[in-house]
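Take a look at the structure below.
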Amino acid sequence: MEKIPGEYCRLNFDIGTTLNCGECFCWRPDETGYHAVLGGKMRHLSQNDTVEKGSFLFHYLDMAYDYEGAMQEIAAMDPLLQQAVAEQGPLHLLNQDLWETIIGFILSQNNNIKRIMGLYDALSCSYGTAVDGGYTFPTPSQMQSVTEAELRALRLGFRAGYVLDAIQRSDELLSLKEKSFAEADAVLQKTKGIGPKVSACIRLFGLHDLSSFPQDVWIKRVMSEHFQGKDETFFAPYQGLAQQYLFTWIRQHYQR
DNA sequence: GGCCAGGCCCCAG
DNA sequence: CTGGGGCATGGC
């Protein structure tokens, strides 16, 4: 297949930075780059790849958004952000599957990213569909008859009941795309195990609400150490992206 | 081996 | 409305 100039985009950002920045739990490194099962298929991504306009990965990687421009504006907000931007370069906010994002961030609470990925794999392997060397993340219907005992056996711990409640509410949760972000927030927080922070993550990473500003222990740390007296409105209208830069920066620089 | 993790629930004040 | 203990598990 001949590549038509202009129809394909280079990956003009470091894919590892984005795929490892804690917004997704599905990508795994391999010899040539990364792979993940998304949209029902095994996807491979290497730094030198090009993505076709209109393709699954073009949308997933949010290639149409001007991250270079946003990055410059964020850098101009504050010296720390300027440093974070300089160190990390362009960082994309992915367009992820909503259901996968909901469950992923329910699993995330009081947990670390390595273990979240392990639980993500356990759910996929147990209830998903096998496709070329991997498993799809299970749909709500594939998890319909799951029991709390099964989920605890997969080592979800106290999050088992939360996942169960999300499954019960899956019809309503999957309709969030048609609601405003404020309405979505209210529905999300009615779900067991979804509070302000997890809801903010789901809105940012699953609904692409770029004004969402999730505050986990790392963000609270960097806010209290470097942004005293300020809140998320300081970063408007780039709250979501600025938050990802701060998250990555403080995790790399925090001592003890 | 103890502290911590992309927190939230629940219950006291 | 705010504060703090408890929660399952395993990475480091």
Side-chain angles (χ1 to χ4, degrees), chain A residues 16-29 84 88 91-94 96-123 125-126 137 146-169 173 185-227 231-232 235 239-256:
Chain A
T17 302
T18 288
L19 301 184
N20 289 315
C21 77
E23 58 176 304
C24 55
F25 306 115
C26 55
W27 292 94
R28 303 290 178 269
Q88 296 153 43
L91 201 165
H92 284 216
L93 290 167
L94 306 170
Q96 302 186 67
D97 176 77
L98 176 58
W99 176 248
E100 188 175 321
T101 307
I102 290 171
I103 300 302
F105 281 92
I106 287 175
L107 298 179
S108 77
Q109 71 172 267
N110 204 31
N111 211 343
N112 58 68
I113 292 175
K114 276 243 167 59
R115 212 171 86 83
I116 299 165
M117 290 182 172
L119 296 177
Y120 175 96
D121 284 343
L123 289 179
C125 186
S126 300
F137 190 81
V146 166
T147 65
E148 176 157 354
E150 285 175 37
L151 295 178
R152 285 189 179 259
L154 294 179
R155 322 312 287 168
L156 267 69
F158 62 85
R159 307 167 193 86
Y162 302 161
V163 170
L164 231 47
D165 190 47
I167 295 170
Q168 303 308 109
R169 298 168 179 272
L173 291 173
D185 182 50
V187 173
L188 284 165
Q189 292 204 43
K190 283 193 305 184
T191 309
K192 282 181 201 161
I194 300 184
K197 190 272 172 183
V198 170
S199 173
C201 283
I202 294 168
R203 285 185 342 261
L204 179 56
F205 304 131
L207 294 171
H208 211 66
D209 172 8
L210 301 182
S211 72
S212 181
F213 190 84
Q215 298 204 45
D216 72 328
V217 295
W218 295 100
I219 293 295
K220 288 175 180 168
R221 210 165 266 158
V222 72
M223 288 302 286
S224 71
E225 291 181 7
H226 300 278
F227 295 90
D231 64 12
E232 59 196 88
F235 308 103
Q239 293 96 320
L241 191 55
Q243 180 272 159
Q244 272 315 91
Y245 276 106
L246 294 176
F247 178 75
T248 304
W249 187 89
I250 189 67
R251 281 164 53 88
Q252 286 174 359
H253 293 268
Y254 186 71
Q255 304 294 332
R256 202 171 347 92

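So that the names make sense, note that chain A is the first sequence line, chain B the second, and so on, each numbered from 1.
If you find the closest nucleotide of DNA chain C to A:N112 and to A:Q109, the one lying nearer the 5' end belongs to A:Q109. For the pair A:K114 and A:R159, both in contact range of DNA chain C, the more 5′-proximal nearest nucleotide belongs to A:R159.
Between the side chain of A:Q243 and the base of B:dG6, at least one donor-acceptor pair of N or O atoms lies under 3.5 Å.
Note on A:R115: a base of the nucleic acid sits closer than 4.0 angstrom, heavy atoms only. A:C21 comes within 4.0 angstrom of a base, heavy atoms only. Residue A:F25 is out of contact with every strand shown, counting any heavy-atom pair closer than 4.0 Å. A:I113 comes within 4.0 angstrom of the backbone, heavy atoms only, and of no base.
By the 5.5 angstrom centroid cut-off and the 30-degree plane limit, A:F247 is classified as stacked against the base of B:dG6.
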Residue pair A:L123, A:L107: steps toward the side chain to side chain contact (heavy atoms under 4.5 Å, CB included) verdict: CA-CA 11 Å; A:L123 289 179; A:L107 298 179; 4.0 Å; yes

Salt bridge (charged side-chain N to carboxylate O under 4.0 Å, His left out) between A:E148 and A:R152, worked out: CA-CA 6 Å; A:E148 176 157 354; A:R152 285 189 179 259; 3.1 Å; yes

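To the nearest angstrom, P of B:dG6 lies 16 Å from CG of A:L246. Across the protein-nucleic acid pair, A:L156 atom CG and B:dC8 atom P stand 16 Å apart, rounded to whole Å. Straight-line distance from the CD1 atom of A:I250 to the P atom of B:dG6: 13 Å, rounded to whole Å. Going from atom CD1 of A:I103 over to atom C1' of B:dG6 covers 16 Å, rounded to whole Å. Distance A:F213 CZ to B:dG6 P: 16 Å, rounded to the nearest Å. Spacing between atom OH of A:Y254 and atom C1' of B:dC3 amounts to 12 Å, rounded to whole angstrom units. Rounded to whole angstrom, the span from the CG atom of A:D185 across to the P atom of B:dC8 amounts to 11 Å.
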Write out a two-atom table: protein N or O, nucleotide N or O from nucleotides 9-13 of chain B, distance below 3.5 Å.
from  : atom 1 : to     : atom 2 : distance (Å)
B:dC9 : OP1    : A:G193 : N      : 3.1

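Separation of the P atoms belonging to B:dC11 and C:dA8 is 15 Å when rounded to the nearest angstrom. To the nearest whole angstrom, the two C1' atoms, one in B:dG1 and one in C:dG11, are 13 Å apart. Comparing the P positions of C:dG6 and B:dC3 gives a spacing of 15 Å, expressed to the nearest Å. Separating the P atom of C:dC12 from that of B:dG6 is a span of 11 Å, rounded to the nearest Å.
Considering only heavy atoms from C-beta on, A:L173 stays 4.5 Å or farther from A:L98 through its side chain. Between A:I194 and A:R169, the closest side-chain pair of non-hydrogen atoms is not below 4.5 Å. Taking 4.5 Å as the limit, some side-chain heavy atom of A:E232 sits within range of a side-chain heavy atom of A:Q215. You'll find the side chain of A:L241 stays beyond 4.5 Å of the side chain of A:L210, heavy atoms only.
Contact detail for A:P214 and A:L204: the closest heavy-atom pair is CD-CD2, 3.8 Å.
At least one donor-acceptor pair closer than 3.5 Å links the side chain of A:R159 to the backbone N or O of A:L156. In this structure, A:Q244 contributes its side chain and A:C21 its backbone to a donor-acceptor pair below 3.5 Å. Judged by distance alone, with hydrogens and angles left aside, the side-chain atoms of A:S212 form a donor-acceptor pair with the main-chain N or O of A:A200 at under 3.5 Å.
Here the range on DNA chain C touched by chain A, meaning any atom under 4.0 Å from one of its heavy atoms, is C:dC7 to C:dC12.
Checking each of A:Y120, A:F205, A:F105 against A:F25 for a ring pair (Phe, Tyr, Trp, His ring centres under 6.0 Å) leaves exactly one that passes, namely A:F105.
Note that CZ of A:F227 and CZ of A:F235 are 4.0 Å apart. Values are rounded to the nearest 0.5 Å.
With 3.5 Å as the limit, one finds a donor-acceptor pair spanning the side chains of A:D185 and A:S199.
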Would you sketch DNA chain B in dot-bracket for me? Only Watson-Crick or G-U wobble pairs with both distances under 3.5 Å count, crossing pairs as [ ], other-strand pairs as |, the rest as dots. .||||.|||||||

